[in-house]
2 protein chains.
Amino acid sequence: MRTASDAVGQESSATHRAYLALRRMIVVGELQPGEKLKIDRLRTLLDTGASPVREALSLLTSDLLVERLDQRGFRAAETSRENFVEILTLRCELEEMALRQSIANADEAWEDALVLSHHKMVREGRGDLEAFEERHKAFHMALLSNCHSPILMKFCSQLYDLNIRYRYLAGKALDYQKRDVSTEHAAILEAAVDHDADLASERLLNHYRQTGAFLNGLFSNPGSQDV
Amino acid sequence: MRTASDAVGQESSATHRAYLALRRMIVVGELQPGEKLKIDRLRTLLDTGASPVREALSLLTSDLLVERLDQRGFRAAETSRENFVEILTLRCELEEMALRQSIANADEAWEDALVLSHHKMVREGRGDLEAFEERHKAFHMALLSNCHSPILMKFCSQLYDLNIRYRYLAGKALDYQKRDVSTEHAAILEAAVDHDADLASERLLNHYRQTGAFLNGLFSNPGSQDV
DNA sequence: TGATGCCATAATATCGAGTTTATCGACCAT
DNA sequence: ATGGTCGATAAACTCGATATTATGGCATCA
């Protein structure tokens, strides 16, 4: 019983919709770390069947956003400082690798797409946080997208999602309001279009490490968020 | 209707069994690259229901061993020289990273486990090829296992499986019969227990690159296998 | 004769029910 | 009183069936 009107979403499949919805809910923290994910509750929440939910949870398990317990169902992945540090470290390693390859393969089409994604991110502004985060990820992925290594891209994308989850958990991307990340983004973009791999890598990694150090501090006194 | 006797397999779940079985079949080539994976056929083949098969295929999609077609089901992942080169490159990068961290964290327990896994691999011999490959993977993973980075381990494990698939496809691990890989393994082990990260990395990467160059040659004239 | 639209077939994707398994509280034995 | 076992409840897991969607052949029309 599906009307022709919602055929516009070219990705029409209950499983895929459930996957996107659940991933979003986990990333932004609507589903808390360690929270039990009961099929029946999610089934009613997403208004779909049990099969799509199970399949989506299986996929999220491979993304490390969901953990599968022996025969006891699923739960949202736990968080920990060790996990956070691991993600940050791997992200720095893999993204530097991808960025350098991207720059080595630089061509006009890539640079155009890169500038465009940066522009879209700037234009979006901070009005809608989730929309901005979408653009933000698009920009960072665009930096790497010319590495011609789909597997590496997949890894970077996964690590990005794992990381952004910590940002949300720390309190609605608090860091953005204190630091001037716009300047950092512009600087990274500039170095990339100049094909300066060393400078671009250095700026990208500093970008991550500053955010990382900030978030890492929150593990000690998580009550310091006052807005 | 399950007897108590087959409770010995502590991982008793139709989904997990289907996952292992299908992964094995794809890796060793019983399911060819690009082959359509019809649910019904696999269902009868594995003697299980459709749900476990679907869930297993979903998981394998995240392992990059299965591709999901829009709304047209699943197929075994395609192979290509580009894909092979990418896997080899990433493997070298990530495993060197993991190996160096492993050695940096070296302790007795790790060295013991490492020596043991090497011994088991040697003892297994080439009688049962699949059993040997099992030990072989265990040895290589043991080298990396002390890096204290579960995500990195997961990536390396995935890449290992993707790579070994090409070995099987090239013709039943032909390379092992021509080169003296035993000596190479022993040399890697020696450098690792000596905590010589540079030497161990160099030997490990040479190990991979030699195998890689050999397999890469098979893409040009795949008919050269004569046994 | 070639191309196009339609219909039959087959396979997928989804749903709802039944079965197996874990959890938790109560009860009994020590 | 404490430890262990048993039984009721709830949940996950699995199965069979239905509905939806793609595919390939056939008829029709230009």
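So that the names make sense, note that chain A is the first sequence line, chain B the second, and so on, each numbered from 1.
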By nearest atom, which of the nucleotides D:dA12, D:dT14, C:dA11 is closest to the A:K38 side chain?
D:dA12
Would you call A:R100-A:E96 a salt bridge at under 4.0 Å N-O?
yes
Main-chain N/O of B:M153 paired with B:S157 side-chain donor or acceptor, under 3.5 Å
no
Whole Å only: how far is the CD1 atom of A:I39 from the P atom of D:dT14?
12 Å
Check residues 144-152 of chain A and write down every donor-acceptor pair under 3.5 Å in which the side-chain atom is one partner and the other belongs to a residue at least two apart or another chain.
from	atom 1	to	atom 2	distance (Å)
A:S145	OG	A:A142	O	3.0
A:N146	ND2	A:S102	O	3.4
A:N146	ND2	A:N105	O	2.7
A:S149	OG	B:E86	OE2	2.6

Please report, rounded to the nearest Å, how far the P atom of C:dA11 is from the CZ atom of B:R75.
15 Å
Distance check: side-chain N/O of B:R72 vs OP1/OP2 of D:dT23, anything under 4.0 Å?
yes
Could you check if a side-chain atom of B:T15 sits within less than 4.5 angstrom of a side-chain atom of B:T48, using non-hydrogen atoms only?
no
Give a yes/no answer on whether the side chain of B:T15 brings an N or O atom under 4.0 Å of OP1 or OP2 in D:dC13.
no
Heavy-atom closest pair, residues B:E124 and B:A131:
OE2-CB, 3.5 Å
Roughly how many Å is it from CG in B:D40 to C1' in D:dA22, rounded to a whole number?
16 Å
Near DNA chain D, under 4.0 Å by heavy atom, which residues of residues 43-65 of chain B?
B:T48, B:G49, B:S51, B:P52
Could you check which of C:dA22, C:dT12, C:dT14 has an atom nearest any side-chain atom of B:K36?
C:dT12
Five-pair end axes of the helix from C:dT1-D:dA30 to C:dT30-D:dA1, angle between them (10°):
10°
Return the value, rounded to whole Å, for the distance between atom CG of B:L69 and atom P of C:dA11.
15 Å
Non-hydrogen atoms of B:G212 and B:F84 that approach each other most closely:
O-CE2, 3.6 Å
Rounded distance (Å) that lies between atom P of D:dA12 and atom CG of A:L37
9 Å
Is it true that A:E55 and B:R68 make a salt bridge, defined as a side-chain N closer than 4.0 Å to a carboxylate O?
yes
Taken to the nearest whole Å, CG/A:D70 to C1'/C:dA22 is 10 Å
A:D63 and A:Q158: which non-hydrogen atoms are nearest, and at how many Å?
OD1-NE2, 3.6 Å
Roughly how far, to the nearest 0.5 Å, is NE2 of A:H185 from CG of A:L204?
9.0 Å
Within this structure, what is the OH-to-C1' distance between A:Y19 and C:dT14, rounded to whole angstrom?
20 Å
Whole-Å distance between D:dA19 C1' and B:Q71 CD?
14 Å
